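Values below: every heavy atom of this structure, side chains too, minus hydrogens, waters and symmetry copies. Given the structure is predicted, the values throughout are model-derived calculations rather than measurements.
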Amino acid sequence: MSEISIDTLKTMLANLDDAKKYQSLRDVMETLPAPDLAAVFEDLPAEKLPVLFRLCPKDLAADVFTELTPETQQKLIDGLTDTELKAVVDELFVDDATDLVEEMPANVVKRILGQADPTTRRMINELLKYPEDSAGGVMTTELMELRPDMTVAQAMEAIRRNGFDKETINNCYVTDDSRRLIGVVSLRALVLAKNTEEPIKDLMDSNVVSVSTTTDQEDVSNLFGKYGFLAIPVVDAENRLVGIVTIDDAISILQDEASEDIAKMNAIGPSDKPYFKQSMWDLYKSRAPWLLFLMISATFSSLVIRGYEDALAAVTVLTAYIPMLTDAGGNAGSQSTSTIIRGMAVGDIQPHDLPRILWRESRVALLCGGTLAVCNFVKLLVFDRIAAPVALVVCLTLICTILLSQIIGGILPVAAEKLHVDPAVMASPLITTIVDTTTLLIYFNIAKMLLHL
């Protein structure tokens with residue numbers, strides 16, 4: 001949708017009280033996709049939200065509601081009557097309703113659950129029992145379930161009768177009398193079946209890829225990329241079908257996980273709020289603790305420099321190249337750790353691959369370090385006009401620093417995974433601090449050996 005259309009809609013809304021052209025506005029909204037209409041809602045004052053929402057067709061209203069941020073949802077709920085809120089809750093899929101309950105304060109949750117029908121309320125409470133970051137916490141229980149002894153005709157009739165309220169009917173899951181998952185059959189296979197009396201058990205695929213309720217949500221989302229599924233069934237410890245995770249949920253999970261990793265890799269506390277929705281206090285709390293930690297950890301570098309003051313006093317030119325060496329080491333380490341973290345996130349790298357990682361990173365480091373050292377050596381002699389022994393100290397340090405940095409960058413994410421710590425924590429800021437200290441130690445010790453300080 002173009003920005004002009006959004007501006008036009010906002011203008012029409014602003015003139016509603018004077019023009020009273022509610023039907024015209026309703027007609028315009030019926031043509032808009034839910035995400036675009038939700039974007040309009042986000043910029044509306046709280047008192048205008050219920051006015052526009054009441055004009056939305058019933059199905060569109062529920063879709064728009066799920067696209068809103070939790071803050072806007074709460075503002076809207078505050079402006080709706082109990083009857084209107086019940087209509088919205090009844091139209092939501094159970095997983096969306098569960099997400100809503102998880103985000104709202106206690107007084108709003110009480111009101112939402114009070115308006116939900118008993119079946120929906122029971123399913124919401126069931127989903128809330130699972131960890132928020134597990135397959136059970138993100139799944140929906142609204143799926144299409146078939147029996148193996150059904151014929152194609154019976155299955156199609158069941159889909160027509162019950163499929164309207166299901167999250168998806170592209171894949172139908174075949175279960176036995178105990179609800180144990182035994183197969184999956186696609187709607188395509190049912191529609192194209194030439195014999196409508198053929199039993200489902202002859203059409204279904206019995207090799208079903210499923211996940212357990214406790215599987216980490218990021219692992220679940222990675223399966224969508226691996227297999228190209230639109231939905232993945234979720235089973236309990238006894239292989240009983242309890243729900244499905246759909247592709248839209250997987251995309252949301254990947255976006256949230258990527259945002260969280262990016263924040264951690266840049267030493268910022270992760271937040272699920274958009275930038276302009278965060279207060280100054282929120283931004284302060286997400287950044288200050290990490291900055292304080294990194295500042296304190298950086299004091300080790302100061303201690304190293306103070307310990308080698310005599311060497312620096314003897315050859316003062318060494319001081320000029322400290323920033324270049326520490327920056328090069330930090331950058332090399334960040335490249336390595338970012339590559340490993342990404343590989344681990346998409347499943348290309350496992351903790352047992354550490355020996356292979358170190359072998360590859362060592363060779364790459366020597367090539368990169370050698371290239372930088374040669375170029376730097378020429379620059380130091382020709383342009384900086386410093387003595388060859390000093391230039392040799394700087395360049396040897398550069399090679400050793402990049403080698404050590406990339407090895408550390410390969411080890412830290414794997415070590416974090418083994419210790420059940422998020423590998424993203426080991427990214428740029430932390431590794432830079434570690435590398436700064438080790439670089440200085442290497443630098444001054446090489447200088448003492450070669451320059452006899």
Side-chain angles (χ1 to χ4, degrees), residues 133 215-227 250-251 253-270 286-287 290-291 293-294 297-298 300-301 324-373 397-442:
D133 58 352
T215 303
D216 185 87
Q217 62 175 11
E218 190 171 4
D219 294 334
V220 177
S221 60
N222 288 333
L223 290 177
F224 282 87
K226 181 178 181 179
Y227 294 106
I251 292 173
I253 291 168
L254 289 174
Q255 290 175 334
D256 292 343
E257 293 289 346
S259 298
E260 181 179 335
D261 287 346
I262 289 171
K264 289 180 178 179
M265 290 172 71
N266 291 279
I268 301 174
S286 69
R287 299 181 186 182
W290 269 106
L291 291 174
F293 168 76
L294 294 173
S297 62
F300 290 108
S301 299
M324 182 271 292
L325 292 171
T326 55
D327 286 349
N331 291 336
S334 297
Q335 288 180 337
S336 177
T337 193
S338 299
T339 303
I340 302 305
I341 289 172
R342 178 57 183 166
M344 294 174 69
V346 300
D348 291 340
I349 296 174
Q350 302 298 328
H352 61 75
D353 292 324
L354 182 58
R356 295 175 61 197
I357 292 171
L358 297 182
W359 175 234
R360 289 174 65 87
E361 289 298 318
S362 298
R363 289 180 293 168
V364 172
L366 289 174
L367 289 172
C368 292
T371 301
L372 294 182
T397 302
L398 190 57
I399 295 174
C400 294
T401 294
I402 291 178
L403 176 61
L404 184 62
S405 299
Q406 294 196 192
I407 289 176
I408 293 175
I411 291 175
L412 287 181
V414 176
E417 181 74 15
K418 296 287 282 186
L419 296 173
H420 305 290
V421 178
D422 192 337
V425 176
M426 300 298 182
S428 301
L430 185 56
I431 197 172
T432 298
T433 302
I434 296 172
V435 167
D436 284 352
T437 302
T438 54
T439 296
L440 291 172
L441 288 171
I442 293 170

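Taking all atoms of both residues into account, the shortest heavy-atom contact from Gly369 to Ile399 is O-CG1, 3.6 Å. Across all non-hydrogen atoms, the minimal contact from Gly410 to Leu354 is O-CD1, 4.0 Å. The nearest pair of heavy atoms linking Ile402 to Ala332 is CG2-CB, 4.0 Å. Shortest non-hydrogen contact noted between Val435 and Gly329 is CG1-C, 3.4 Å. Pro413 and Ile340 make their closest contact through CB-CG2, 4.0 Å (heavy atoms, listed as atom of the first residue, atom of the second, distance).
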*Verdict with reasoning, Ile349 to Ile357, per side-chain contact (heavy atoms from CB on, under 4.5 Å)*: CA-CA 9 Å; Ile349 296 174; Ile357 292 171; 3.5 Å; yes
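Here the straight-line distance linking atom CD of Glu417 with atom CG of Leu419 works out to 10.0 Å at 0.5 Å rounding. Between Ile407 atom CD1 and Ile411 atom CD1 the span is 6.5 Å, to the nearest 0.5 Å. Here the OG1-CD1 distance, from Thr439 to Ile434, works out to 11.5 Å after rounding to the nearest 0.5 Å. If you take CG on Leu441 and OG1 on Thr401, they are separated by 10.0 Å, rounding to the nearest 0.5 Å. Between the CD1 atom of Ile408 and the CG atom of Leu358 there is a distance of 11.0 Å, given to the nearest 0.5 Å. To the nearest 0.5 Å, atom CZ of residue Arg363 and atom CD of residue Gln406 are 12.5 Å apart.
Annotation: Arg356, atom CZ; neighbour count of heavy atoms from other residues, nucleotides and ligands within 6.0 Å does not exceed 12.
Judged purely by atom type and a 3.5 angstrom limit, Ser336 has no side-chain atom pairing as donor or acceptor with the backbone of Gly333. Side-chain atoms of Asp353 come within 3.5 Å of backbone atoms of Gln350 as a donor-acceptor pair (strictly under, hydrogens ignored).
In this structure the side chain of Ile253 never reaches within 4.5 angstrom of the side chain of Val220, judged on heavy atoms.
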